[in-house]
Every structure is written in structure tokens, then in C-alpha cells.
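This report concerns only the one structure given below.
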Number of protein chains: 2
Amino acid sequence: MSTTGRKLRADAERSIRTIMEAAERVLSENPGATMEQIAEAAGVSRTTIHRRFASREALIDIMTVAAWKEIAEAVDAARPATAPPQVAMYQATANVLRVKSGWRFALTGQGPLSGEQARAEAARIEADTIGKCDVVIRRAQQEGVIRPDADPLWVRRVYLALLTEAAHGAYSGHAGAPGEAAPAETDADIDELATRVMDTLLRGLGPGS
Amino acid sequence: MSTTGRKLRADAERSIRTIMEAAERVLSENPGATMEQIAEAAGVSRTTIHRRFASREALIDIMTVAAWKEIAEAVDAARPATAPPQVAMYQATANVLRVKSGWRFALTGQGPLSGEQARAEAARIEADTIGKCDVVIRRAQQEGVIRPDADPLWVRRVYLALLTEAAHGAYSGHAGAPGEAAPAETDADIDELATRVMDTLLRGLGPGS
DNA sequence: AATATCTGCAACATCAATGTTGCAGATAGA
DNA sequence: TCTATCTGCAACATTGATGTTGCAGATATT
């Protein structure tokens with residue numbers, strides 16, 4: 001029923017995690033999926049979900065906020081305002097990739113606009129993070145890492161699109177069959193992906209010159 | 001009710017177009033939108049939609065197939081198998097951009113998998129088109145337009161992502177408020193966009209060297 | 001002008017998903 | 001072991017969306 005309660009028992013906490021993970025898998029595949037389907041994927045009964053989350057909306061809201069918080073952490077950890085732009089961008093890319101592959105659905109923002117306050121908080125964190133992203137880009141441009149005549153907005157959108165591509169399609173380019181568990185990425189995989197993203201962003205896919 | 005019927009009166013045909021256009025706008029904004037909302041956006045009553053389309057599924061199916069047919073035409077018109085790769089890619093980019101901005105929803109494939117046959121046809125056309133896309137990429141790679149060591153799959157995904165970005169965000173980078181009619185793109189706009197896409201794809205956003 | 005077709009409206013049937021409740025059995029934590 | 005908490009199950013109420021039908025008025029087509 002409620003979201004705000006006193007301390008939960010250990011197995012209840014575990015249920016919550018399980019449910020959110022299952023919801024992620026199922027909803028990323030089909031954003032209109034049923035609570036029933038989510039429950040089945042989580043291996044719990046539908047009523048249990050309703051016991052832990054006030055509503056479908058609330059579930060999605062909580063997932064969205066949690067996801068954005070993780071993303072924000074990942075970006076902050078890269079010191080976007082102080083580290084050398086190139087370093088910060090690479091670090092942020094790697095960090096975000098690690099997080100993003102686990103939140104394929106929650107970060108797409110296609111959960112039909114839900115509860116007032118949760119939505120507001122998610123939007124705030126998102127805007128904040130985008131802002132930090134823009135800061136790095138501006139600094140990168142000032143230092144000549146990014147072409148000075150490039151439209152910063154286009155840069156950001158290309159960068160985010162590349163991030164999404166890299167996070168979605170699995171490193172091998174294998175799309176992953178429905179329901180199939182995504183293989184956990186190793187550090188090496190992440191680094192390769194991040195390198196690929198930065199390389200593509202900065203040098204493109206044409207010949208060196 | 002039915003999809004297959006005899007000749008329709010002129011205003012009925014117009015209704016169908018109007019409905020599909022409205023559905024595009026509304027569904028691209030919210031994939032879970034109601035028939036009621038679509039009807040309102042189209043300026044017709046809900047029953048009229050049901051008279052012209054057997055079901056919500058059918059509506060989406062028909063839109064999807066129509067959209068992919070247009071995309072296929074746009075790609076074919078660029079002679080992807082015979083024209084010089086660079087020319088073909090530019091041409092295809094421009095053509096697709098022109099089409100894609102009008103089919104923001106139908107091409108995302110997030111219409112919950114619908115009718116057997118329609119879905120199959122859409123999938124066929126899509127696969128076909130992707131195949132042609134791959135052909136150009138391979139040719140471009142052979143002629144040195146694209147780095148020979150680049151993963152063709154990654155190239156394709158980056159290219160498609162850039163296409164989506166360019167088609168979505170309006171040329172000025174202005175996202176467009178909900179419900180706001182997208183301004184029609186002029187030829188100059190399209191060419192600028194296509195140039196930007198190709199330039200970013202091949203040279204990236206870093207400094208020349 | 002005559003006719004066939006289209007449309008809105010109002011009413012209806014259906015159905016699927018959401019969210020609730022009570023209870024009995026299982027499980028964590030002391 | 002004892003107790004509070006968690007869970008599944010079954011049953012229920014509610015709601016919102018879909019799809020249907022008949023009819024009367026408007027519109028296209030000839």
C-alpha cells in the first residue's frame with residue numbers, strides 16, 4: 001500500500017528490489033506491460049507488488065527517481081566541473097554506461113507522466129544532470145577538445161544518443177532476445193564501450209584524414 | 001469497421017488521413033494515448049475512427065506499414081546499391097529525414113506488437129531497408145569513406161541514432177512543446193540537417209586534427 | 001434533385017487492469 | 001520458541017478503454 005513506512009523486514013526489502021528489477025526487464029521490453037506480467041517476472045504475486053507500491057504509477061515513479069539518482073552519482077563521480085574535460089567525459093561515460101544498462105526503461109521517460117512530486121523530483125535531477133553534462137561540453141569546447149563551431153546542443157544530443165546506443169545494444173552488438181538476461185559487463189567491456197563512444201564522438205567513423 | 005472495402009467517398013479518405021496524422025502527433029507524445037484523445041486531436045468523433053479502422057491495433061499496424069513503405073521508398077530513391085556511397089548516403093539521409101519527421105511514432109516500433117500479418121509485413125520491409133542500409137555501409141567501407149576497421153553494426157547504429165536525433169529535435173534544436181505543430185522543413189533545412197548528420201558521422205565533433 | 005455514403009451522438013455490452021480485503025500459512029528476528 | 005511481519009490465494013469492487021449499434025442529419029456524387 002504505502003511507500004513511506006517504518007523499517008521493513010529483510011525479505012521485504014529483497015522483494016522490493018526483485019520487483020523493481022523485474023519491472024525494469026519487463027517494462028523496457030513493453031512499456032505497457034501489466035502488473036501481472038511484472039509480478040510473474042519477479043516471481044511474486046500481484047498483490048505483493050501492490051503491498052509494496054501504492055500503485056503502478058508509484059512503482060514507475062520510484063524506479064525513475066532511483067535511476068536518475070544513480071545517474072547523477074555516476075556523473076558527479078567524474079568531477080565534470082573540475083577534472084580535465086576529456087578525462088571527465090571518459091569517466092562519466094564509463095560510469096553512466098555501467099548504471100544505464102540496468103535502467104533501460106526508467107531512463108527513457110516514457111512512463112506516462114505520473115505523480116506530481118515524484119515526477120518533479122525526477123525532472124529536477126534530470127535537469128541538474130543535463131546541466132552538468134552541458135558544463136563539461138562547454139569546457140571541452142573551450143579547451144579545443146570539441147570543435148568550437150559545433151552547436152553545443154547538437155553535441156549533447158549526439159553524445160547522449162551514443163550513450164544510449166552503447167548501453168542498449170550490448171557490447172557485442174547482439175541485441176539480446178526478449179527475456180534473456182543481459183550478461184553482466186566486465187570492467188574491460190565497459191572501458192571498451194566508453195572508448196568507442198568517445199572515439200566516435202570526437203573522431204567520427206570516417207578515415208583519419 | 002473494416003480495412004478492406006470498396007471505393008470510399010472523398011471525404012472519408014480525407015478523414016482517414018486526418019486520423020492517421022492526429023494519431024501520429026498524439027501517439028508520438030504518449031504511446032498509450034486513448035482513441036478518445038486521438039479522435040479529439042483529429043477533430044472527429046471516436047466512432048468515426050472505429051468505422052475506418054477495425055481496432056486500435058489495426059490503426060497502428062496500418063500506420064506502421066505505411067511509414068515503413070515511405071521510408072523504403074526514400075532509401076530506394078537514393079540508389080543505395082549503385083550510386084557512389086557518399087552520394088547515396090547523403091541522398092538517403094535527406095530523403096529519410098523528410099519522411100521520418102512525419103512518422104515520429106510509427107517508426108519507433110513501440111506499438112505493442114499487434115496483428116500477425118501486418119506486423120510481419122512491417123518487419124519484412126524494415127529488415128529489407130536495414131539490409132540496404134548495410135549495403136551502403138559496406139560499400140562505403142570498401143571505398144574508404146568509412147574507416148575499414150569500424151564495426152559495421154556499430155556504424156549502422158550510430159548512423160540510425162543520428163538520423164533519429166536529427167529528425168526528432170527540430171533543426172534548431174528546439175524540442176517543440178507538446179501539441180505544438182512541428183514547423184514544416186524547407187529544402188534548405190533538410191540539406192543542412194543531412195549535412196550535419198553526415199559530417200558528424202564521418203568526422204565527429206572533435207577538432208579537425 | 002436523387003441517392004448513396006459519411007458523420008456525430010447516445011446508448012450499450014464487454015473486458016482487462018487496477019487496487020482492495022481477509023485469511024491462513026510461512027518466515028525472519030528476538 | 002515466540003511474535004511480528006511477510007506472502008500467496010481467492011474473492012471482490014471499480015474504473016477506463018474498446019468496440020458496437022441505430023438513427024438522424026449533413027455531405028458528396030451522379
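What you see is a predicted model; the values in this text were computed from it and never measured. Only this structure's heavy atoms are used, side chains among them; waters, hydrogens and symmetry mates stay out. Protein chains get the first letters and strands the later ones, always in sequence-line order, with residue 1 at the start of each.
- Looking at residues two or more places apart in sequence or on another chain, you find a side-chain contact (heavy atoms from CB on, under 4.5 Å) between A:Ala42 and A:Thr18, A:Ile19, A:Ala22, A:Val44.
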Nucleic acid footprint by protein, nucleotides 24-30 of chain C - heavy-atom cut-off 4.0 Å, B for base, S for sugar-phosphate alone: ---BSS-
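- Pairs passing the salt bridge (Lys or Arg N to Asp or Glu O under 4.0 Å) check and including a residue from residues 40-50 of chain A, sequence neighbours excluded, read A:Glu36-A:Arg46.
- Between A:Glu29 and A:Arg25 there is no salt bridge, since no side-chain nitrogen of the basic residue lies less than 4.0 Å from a carboxylate oxygen of the acidic one.
- Near DNA chain C, meaning a heavy atom under 4.0 Å from it, residues 36-46 of chain B has B:Gly43, B:Val44, B:Ser45 in order of number.
- Atoms CZ (A:Arg52) and P (C:dT20) sit 14 Å apart, rounded to a whole Å.
- For the pair A:Arg56 CZ and C:dA16 C1', the computed distance is 13 Å after rounding to whole Å.
- The distance from atom NZ of A:Lys7 to atom P of D:dT3 is 21 Å, rounded to the nearest whole Å.
- Here B:Ser15 reaches the OP1 or OP2 of C:dT7: one of its side-chain N or O atoms lies under 4.0 Å away.
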Throw together a table of side-chain donor-acceptor distances under 3.5 angstrom for residues 120-133 of chain B, partners on residues two or more places apart or in other chains.
from     : atom 1 : to       : atom 2 : distance (Å)
B:Asp128 : OD2    : B:Lys132 : NZ     : 3.1
B:Thr129 : OG1    : B:Ile125 : O      : 2.8
B:Lys132 : NZ     : B:Asp76  : OD1    : 2.9

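- Here the straight-line distance linking atom CG of A:Leu59 with atom NE2 of A:His50 works out to 9.0 Å at 0.5 Å rounding.
- The interatomic distance linking A:His50 (NE2) with C:dG19 (P) rounds to 4 Å, in whole Å.
- Look at CZ on B:Phe53: it is 11 Å from P on C:dT7, rounded to the nearest Å.
- Taking atom CG of residue B:Leu27 and atom P of nucleotide D:dA17, one finds them 14 Å apart after rounding to whole Å.
- With sequence neighbours left out, the salt bridge (Lys or Arg N to Asp or Glu O under 4.0 Å) criterion links B:Arg9 to B:Asp11.
- Atom-to-atom distance recorded for B:Met89:CE and B:Leu202:CG is 6.5 Å, nearest 0.5 angstrom.
- With the nearest nucleotide of DNA chain C identified for both B:Thr47 and B:Glu13, B:Glu13 has the one nearer the 5' end.
- Shown here for B:Ala150 and B:Gln141, the closest heavy-atom pair between the two residues is O-NE2, 2.7 Å.
- Between the side chains of B:Thr186 and B:Asp189, at least one donor N or O sits under 3.5 Å from an acceptor N or O.
- In this model, a side-chain donor or acceptor of A:Arg51 finds a partner on the base of D:dG8 within 3.5 Å.
- Contact between the side-chain N/O atoms of A:Thr48 and the OP1/OP2 oxygens of D:dC6 is not found at any separation under 4.0 Å.
- If you measure from atom CD1 of A:Ile60 to atom C1' of C:dG19, you get 15 Å, rounded to the nearest angstrom.
- As a whole-Å value, the separation of B:Leu8 CG from C:dA4 C1' is 13 Å.
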